[in-house]
Amino acid sequence: MAANPTMDEKQDRYSPEAVERKWRERWERDGVNRLTDAQLASAENPYYNLMMFPYPSAEGLHIGNIYAYTGADVNGRFQRLNGKDVFQPIGFDAFGIHSENHALKVGANPQDLIPRNIENFTRTLQRFGGMFDWNHTVDTTHVSYYRWTQWVFLKLHEAGLVERREAPVNWCPSCMTVLANEQVLGGLCERCESTVEQRELPQWFFRITDYAGQLLDNLADMDWSGVTKKAQAAWIGRSQGAEVSFAIAEGSGAANPVDAEAGGARIRVFTTRPDTLFGATYMVLAPEHPLVDAVTAADAQPAVDAYRAEVARRDVVERQKTDKDKTGVFTGGYAVNPVNGARIPVWIADYVLMGYGTGAIMAVPGHDARDFEFAQAFGLPIVRVIAAPGEDAETRLAEAYSGDGTLVNSGDFDGLTVADAKQAIVERLKAEGDAKAQTNYLHDWCVSRQRYWGPPIPMIHCTACGAVPVPEDELPVELPHLEDFRPDDSGQSPLARATDWFNAPCPACGRSAHRDTDVTDNFLCSGWYFLRYPSTGRDDLAIEPQLTAKWLPVDSYIGGNEHAVLHLMYARFLTMALHDLGIIGFSEPFKRFRAHGLLIREGRKMSKSKGNVISPDAIINQYGADTLRLYLMFLGAYEQGGDYRGSGIQGPFSFLNRLWQSVAEADGDPDLPPEPEVERALHRTIRQVTEQLPEQQFNTAIAAMMEYMNVVRADGRTPRIKELTPLVVIVAPFAPHVCEELYERLGFAGGLFASARWPAHDPAKLVDATLNIAVQVNGKLRGEVTVSPDAGAESVRAAAELDGNVARHLAGKEVRKVIYVRNKLINLVAA
RNA sequence: GCCCGGGUGGUGAAAUCGGUAAACACAGGGGACUUAAAAUCCCCCGGAGGCAACUCCCUGCGGGUUCAAGUCCCGCCCCGGGCACCA
């Protein structure tokens, strides 16, 4: 007994600040979270726990990052307590437009700013209690990392997956750079919201569509969040159909006669609906299509030229708007429908895109909404070739019908179903060389950026040899330190102004040449970082084979679904490419991926402009990192996101206080067994938490632990050590600092995360002596009876009928049917 | 337009192989302990009626299936996110 209770109380008060500092220092001193390369090599139960590394902004680590990382950290700590050797690295994704723009704004060089930001981020990452291995970290802007990013580029080049194309690209006039299609949102630049224009530039592309089939097919049996898989499938956009070739009709193209024998006189189209070929009443070429001049008649030439000029002026976004009226002009030329020999007019219109399929379509206004709209606008014939049930060949079309049905107005094919006709028509045309089956996917990955803040593309342009890769042993191509790195409107990267750097001898012929002045898309840096982590100890190679074979693929990856189609798709593609090069032994990088939801605040998105961003440091100062972590995980379903409400944090804070107080007040006998009723609750709790943590059901797992706490403390009873120890261990993934402290106070040496094991539940201890069964009469709840477990229907019914209220509702009625759900409910159906 | 999520008390949310709607927590109210505060402990807390026992109503809206529907089916409305003249 303490001589001075007041003093004693003071000493025992839960002080998050002191506890967290103590354990942060202790973990660091003992290297609890750091693995040496020898440990990496010898680990017996490797578990690679990955989370998306942050971009180290000047504003500091966002609470949304902490939300994401806490969920992942809980998983890592849980795995560790279950005997896994957990490798949990973190790094910094610091290249890219965001950093560069910020540096421009404050008038500094990002090379000087980034280290400060990283330092700041590191401090918060350590403070919130992440179990990070700081022995293995990456900074994508450090030459020790990006030399290998350049190496990845060269490897892909070696594999034939890199090619240079003159292509229309999205150009942001404000950022003065090319944007990937995914970086254009609703026609505006993702970053600065300027209207994006269209430009033609030579660019480096990664041929990701070569892997589209594999990227799509593998999804089927991957253990990933469903929403992420669906987003990827939609992005890949597999489209199966046929390529059909139409001859240009005789007499067309009088203005620019072509040699029909040369094979240039056929227009190829891609269609997913070859069954509607008889309904193709005209064709449309993209205005940029190379055959436009070949089909254009002399008297149509001025109109065609004018239209093409007008379209070229329009930006790619304006061009792609779906809600504007259809425009186009007739070329004066005709093509021949291979299925029936009909002469059909050839138009050009901007609703047909050069970048998809073949840049030309057969127009079937009867069964395609866009073609229908165009045909109406320009008075072109509309023919029905599919009849839905109850319709026939003559039924008028008020709008395009794209549904199922049988063929009409289609010669020999009349009466076939859509599915059968697709096959049959392609078969016939195939025999004549006019068609083949074809599958299309969406765009390749443009990796060129006309900017400063990125890894220079390791290519050298020589007038004699063309584009020549920098030899591997000459890497890195260092990014020169430029005083003025502002992008200009020349379409060239600011690196072109670094003359000494710019001029370099051709690796092939030795003559004077110059470097590629573009840097790579930031997504290339982040596309392979997880492959680098285990190998950061090696500066002589990118990916150490043994360590990589041991630790990869990644066991668990957790991150935001905003990266579903960018980062995650690129990472998969790069992994497949490196696998096929024989560099790594697996072709899918992440065994398991879970998307977490968005953390919002009081119903609204957090943003700097709204001024409603929560500072993690302020919360940690007030409540401690443990309470913050627990609260973030308690807010709502992790995969759905959460709504941060200021007052709600009180609940988790009280919970930790009660846990603290329970340990302080616990009965001192360490061998005293748990009270039976408490023990049952304990085993139920262990079971639930153990089942729910791997499924990221953190909020309900925490609720279960709170419930158990209510049992432990019911009516102010004195808790027993054996009732508390397992609780401290299962709370520990959420609140690691305070649980370490309590574990020590409960009398255990050696540290919780270093030596404790996750408790197991004993099924025999789950069984209640009695349980309550709900009693319904005609489906309405009328009472409750207490019976022994697994009681039979008859005895439960007998007990139920003794209940006064139940008896009252049964009075004067006959029980016709009894529905008994074991250990839950009985429903007496009476009339 | 298409594809995903989602809509439940004052609030954040639980419960979906159909089986007691609102667990857990916040806010609010009352009480215990305390000189006081903090922490802790107990009670109340969807709506209407009733002294009470209880009864009726309630999961965005309208239908349906079922002994039983937040959960399944049909038809809508609203919010959030993604994709988008992709042929």
Side-chain angles (χ1 to χ4, degrees), chain A residues 9 12-14 182 185-186 226-228 230-231 233-235 237 239 241 269-273 284 319-324 326 349-353 355-364 368-371 373-374 440-443 561-562 564-565 597-598 600 602-603 605 631 634-637 639-655 657-658 660-662 665 697 699-707 709-710 713-717 772-784 804-805 808 816-821 824-830:
Chain A
E9 255 177 45
D12 273 355
R13 183 67 46 80
Y14 169 41
E182 307 84 66
L185 302 177
V227 284
T228 311
K230 279 171 182 149
W235 186 86
S239 185
V269 304
F270 173 69
T271 178
T272 55
R273 293 297 303 274
V284 186
R319 159 99 186 250
Q320 293 199 359
K321 274 194 180 144
T322 57
D323 52 1
K324 63 180 202 253
K326 293 277 183 289
D350 71 345
Y351 82 94
V352 174
L353 306 173
Y356 184 78
T358 62
I361 62 157
M362 63 176 208
V364 184
D368 179 282
R370 296 154 302 181
D371 298 342
E373 193 192 329
F374 190 85
N440 275 346
Y441 300 98
L442 299 188
H443 27 57
N561 210 38
E562 67 271 21
V565 292
L598 186 68
I600 58 171
E602 272 142 34
K605 239 179 183 163
Y631 180 45
F634 183 61
L635 284 174
E639 299 200 20
Q640 286 303 314
D643 190 354
Y644 192 104
R645 309 249 154 180
S647 61
I649 198 167
Q650 202 52 238
F653 185 60
S654 297
F655 175 74
N657 264 304
R658 296 171 79 200
W660 182 276
Q661 198 132 349
S662 300
E665 293 168 6
Q697 293 166 334
N699 55 335
T700 46
I702 292 168
M705 297 188 290
M706 288 175 165
E707 231 169 312
M709 171 67 78
N710 290 339
R713 301 226 45 147
D715 297 313
R717 65 183 287 279
N772 297 328
I773 306 281
V775 181
Q776 295 182 338
V777 176
N778 290 333
K780 291 206 180 246
L781 185 68
R782 297 301 180 194
E784 199 173 72
N805 200 40
R808 210 151 52 76
R816 295 271 166 83
K817 196 169 169 189
V818 178
I819 286 125
Y820 177 53
V821 183
K824 278 215 128 150
L825 168 147
I826 189 163
N827 186 10
L828 306 174
V829 184

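In what follows, chains are A, B, ... by sequence order, proteins preceding strands, each numbered from 1. Note that the coordinates shown come from a computational prediction; the quantities given were computed from them, not determined experimentally.
When heavy atoms are screened at a 4.0 angstrom cut-off, A:Arg713 is found touching the sugar-phosphate backbone but no base atom. Backbone-only contact: A:Asp715 has heavy atoms under 4.0 Å from sugar-phosphate atoms and none from a base. Residue contacts for A:Arg717: at a heavy-atom cut-off of 4.0 Å it reaches no nucleic acid atom on any strand shown.
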Donor-acceptor pairs under 3.5 angstrom involving side-chain atoms of residues 772-779 of chain A: please list them, not counting sequence neighbours.
residue  : atom : partner  : partner atom : Å
A:Asn772 : OD1  : A:Thr786 : OG1          : 2.9
A:Asn778 : OD1  : A:Ala830 : N            : 2.8
A:Asn778 : ND2  : A:Ala830 : O            : 3.1

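For A:Asp368 and B:rC2, the CG to C1' distance is 14 Å, given to the nearest whole Å. Atom CD in A:Glu562 sits roughly 14 Å away from atom C1' in B:rG80 (whole-Å rounding). For the pair A:Gln661 CD and B:rA38 C1', the interatomic distance rounds to 11 Å; values are reported in whole Å. Summarising the geometry, the separation between CD on A:Glu707 and C1' on B:rC24 is reported as 6 Å, rounded to the nearest angstrom. Rounded to a whole Å, the CG atom of A:Asn805 is 10 Å from the C1' atom of B:rU55. In this structure, A:Asn561 places its CG atom 14 Å from P of B:rC4, rounding to the nearest Å. With rounding to whole Å, A:Lys605 atom NZ is found 16 Å from B:rC79 atom P. Separating the CG atom of A:Leu598 from the C1' atom of B:rG82 is a distance of 14 Å, rounded to the nearest angstrom.
A:Asn440 contributes no side-chain N or O that, together with a main-chain N or O of A:Ser239, makes up a donor-acceptor pair within less than 3.5 Å. In this structure, A:Asp715 contributes its side chain and A:Arg717 its backbone to no donor-acceptor pair below 3.5 Å.
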Tabulate atom names and distances for all N/O pairs under 3.5 angstrom spanning the protein and nucleotides 26-32 of chain B.
residue : atom : partner  : partner atom : Å
B:rC26  : O2'  : A:Ser647 : OG           : 2.7

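RNA chain B contains the following stems of three or more consecutive Watson-Crick or G-U pairs, with both distances under 3.5 Å: B:1-7 with B:77-83, B:10-12 with B:24-26, B:28-32 with B:40-44, B:46-49 with B:54-57, B:60-64 with B:72-76.
With sequence neighbours excluded, the residues forming a side chain to side chain donor-acceptor pair (under 3.5 Å) with A:Thr228 are A:Asn561, listed by chain and number. When the ring-ring contact (aromatic ring centres under 6.0 Å, His included) test is applied to A:Phe374, the partners found at least two apart in sequence or on another chain are A:Tyr282, A:Trp347, A:Tyr351, A:Phe378.
Only the P atoms considered, B:rG7 is 29 Å distant from B:rC44, to the nearest whole Å. Comparing the same atom, P, in B:rA69 and in B:rA22 gives a spacing of 16 Å after rounding to whole Å. To the nearest whole angstrom, the two C1' atoms, one in B:rC57 and one in B:rG9, are 14 Å apart.
Using a 90° window around 0 for the glycosidic torsion, B:rG62 falls outside it and is classed as anti.
Taking side-chain N and O atoms only, A:Arg782 has a distance below 4.0 Å to OP1 or OP2 of B:rC56.
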Where along nucleotides 6-20 of chain B does protein come under 4.0 Å, by heavy atom, of base (B) or sugar-phosphate alone (S), with - for untouched nucleotides? S----SBSS----BB

